[in-house]
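Down below is the structure, laid out as structure tokens.
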Number of protein chains: 2
Amino acid sequence: MLKLSTKGQYGVRAMFEIASGYGRGPITIREISEKQDVSVAYLEQILNKLRKSGMIQSVKGPGGGYVLSREPDRISIGEILRELEGPVAITSCLDPKEGCLRVEGCVTHLLWKSLGEKIEGFLDAMTLDDLLKGNQVIEIKKKEKNRQPGKNRAALTFVR
Amino acid sequence: MLKLSTKGQYGVRAMFEIASGYGRGPITIREISEKQDVSVAYLEQILNKLRKSGMIQSVKGPGGGYVLSREPDRISIGEILRELEGPVAITSCLDPKEGCLRVEGCVTHLLWKSLGEKIEGFLDAMTLDDLLKGNQVIEIKKKEKNRQPGKNRAALTFVR
DNA sequence: ATAATAGCCTAGTAATTCTGTCAAGTATTA
DNA sequence: TAATACTTGACAGAATTACTAGGCTATTAT
Ligand code: FES
Ligand code: FES
């Protein structure tokens with residue numbers, strides 16, 4: 001459940017490659033394709049969307065390719081994914097384009113909403129720079145054993 | 001992005017209705033259907049899966065319906081969703097049934113993995129009892145203004 | 001100039017998943 | 001034995017996903 005489409009996944013990996021060349025000239029689609037095992041044609045589609053959003057720029061002609069428009073620590077994973085897959089919307093009720101008829105009285109609306117906000121917070125806090133530095137692993141303060149539903153209320157608190 | 005299927009959503013809402021009758025006899029599919037606006041036929045499919053997993057039991061014949069097999073505070077939302085939609089697997093690489101060929105060297109594997117673990121932690125900590133009591137809203141300690149990628153490292157810490 | 005390089009853009013499509021419906025059961029109780 | 005209620009499997013239309021194909025445009029080195 002809660003799968004990300006390949007477009008989002010490939011997009012992040014492509015952005016990683018472009019970021020890895022930050023300050024050292026453009027990266028071509030072909031390079032990305034080879035390093036990340038994604039077809040050139042598919043990458044074109046993906047990078048096109050990302051370019052239109054302004055987070056990368058293209059350089060045409062020989063020696064061309066793609067470069068980041070901003071520093072790697074100012075491009076978040078959340079931003080990339082939102083561009084490629086739309087906003088986080090656990091349910092269609094939370095999708096700005098759809099909306100919900102029976103919000104009031106709905107017993108789960110707030111549940112999905114707060115989960116979505118947490119996910120978005122996570123994705124927005126993680127940047128390309130983190131990936132470059134290998135900071136994918138997030139610190140978990142206490143490792144819990146024998147997790148029991150309802151017994152660990154603290155897990156519901158998200159600290160900022 | 002990251003949508004939950006209707007099966008999962010309806011499943012949780014159906015379980016809420018069954019939980020609301022806990023200790024007061026069975027709830028029929030028809031009742032759930034009316035209160036939650038889901039067709040009887042579709043609910044049958046959903047409840048069947050949940051029954052096979054053991055978290056609810058059915059009572060046949062007149063006056064029958066469904067009852068919880070455990071107290072509402074011992075059935076988590078995560079458990080319900082896992083039964084209906086399979087394990088949390090942001091990417092197919094994280095899906096136990098699929099697996100990944102290029103885990104080592106993959107720059108995003110751990111990212112998706114840790115996100116998945118956080119989501120699962122959230123869902124496993126939330127129970128039917130919380131829904132019954134209206135505890136869907138999760139405390140967020142500090143509300144952040146002008147969120148900037150990379151500037152709020154603390155957001156990456158999940159406290160237990 | 002012009003050829004080579006590299007990105008740009010639009011369609012289309014096969015496969016899969018989602019979101020249900022339908023119909024013919026079986027079990028239980030008043 | 002009639003009424004209630006769950007059980008099961010098949011199936012179909014709609015939507016989405018995950019691509020591929022093919023032609024076009026811009027830039028630069030020679
Ligand atoms: S039905 Fe839309 S919020 Fe629950
Ligand atoms: S490709 Fe499977 S983990 Fe990244």
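Everything numeric in this text was worked out from a predicted model, so none of it was measured. By convention in this document, chain letters (A, B, ...) are assigned in the order of the sequence lines, proteins followed by strands, and residues within each chain are numbered from 1.
- As a whole-Å value, the separation of A:Ile46 CD1 from D:dA18 C1' is 9 Å.
- When heavy atoms are screened at a 4.0 angstrom cut-off, B:Ile29 is found touching the sugar-phosphate backbone but no base atom.
- Comparing A:Lys60 and A:Tyr42 by the nucleotide of DNA chain D whose heavy atom lies nearest to each, the residue mapping closer to the 5' end is A:Tyr42.
- Counted by atom type alone, A:Thr28 and A:Tyr66 present zero donor-acceptor pairs between their side chains at under 3.5 Å.
- Both A:Gln45 and A:Ser58 sit near DNA chain C, but only A:Ser58 has its closest nucleotide nearer the 5' end.
- In this structure, CD1 of B:Ile32 is placed 12 Å from C1' of D:dA5, rounded to the nearest angstrom.
- No donor-acceptor contact under 3.5 angstrom links the side chains of A:Ser5 and A:Tyr10, judged on distance only.
- Closest to the side chain of B:Ser39, from the set C:dT21, C:dG7, D:dC6, is C:dT21.
- Of the candidate nucleotides C:dT28, D:dC6, D:dT28, C:dT28 has the atom nearest to the side chain of B:Pro62.
- With rounding to whole Å, A:Lys3 atom NZ is found 14 Å from D:dA18 atom C1'.
- Rounded to a whole Å, the CD1 atom of B:Ile18 is 14 Å from the P atom of D:dA5.
- At the heavy-atom level, A:Arg51 lies under 4.0 Å from the strands shown only through sugar-phosphate atoms.
- Nucleic acid contact class of B:Lys52 (heavy atoms, under 4.0 Å, all strands): sugar-phosphate only.
- For C:dC8, one of the phosphate oxygens OP1 or OP2 lies less than 4.0 angstrom from a side-chain nitrogen or oxygen of A:Tyr66.
- Counting only heavy atoms from C-beta on, B:Glu44 has its side chain closest to D:dC6 among C:dG20, D:dA21, D:dC6.
- The interatomic distance linking B:Lys97 (NZ) with C:dT17 (P) rounds to 10 Å, in whole Å.
- In this entry the distance linking CG of A:Leu84 with P of D:dT16 reads 17 Å, nearest Å.
- Nearest-nucleotide mapping onto DNA chain D: of A:Gly61 and A:Ser5, the residue sitting toward the 5' end is A:Ser5.
- Spacing between atom CG of B:Asp95 and atom C1' of C:dT17 amounts to 14 Å, rounded to whole angstrom units.
- For B:Asn48, the side-chain atoms get nearest to D:dT8 when compared with the rest of D:dT8, D:dA21, D:dT4.
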Worked check of side-chain contact (heavy atoms from CB on, under 4.5 Å) between A:Leu68 and A:Met15: CA-CA 8 Å; A:Leu68 295 189; A:Met15 287 295 284; 3.9 Å; yes
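- Distance check, rounded to the nearest 0.5 Å: CE of B:Met1 to NZ of A:Lys7 gives 14.5 Å.
- The separation between B:Lys49 atom NZ and D:dT7 atom P is 15 Å, rounded to whole Å.
- Within a 6.0 Å radius of NZ in A:Lys113, other residues, nucleotides and ligands contribute 12 heavy atoms or fewer.
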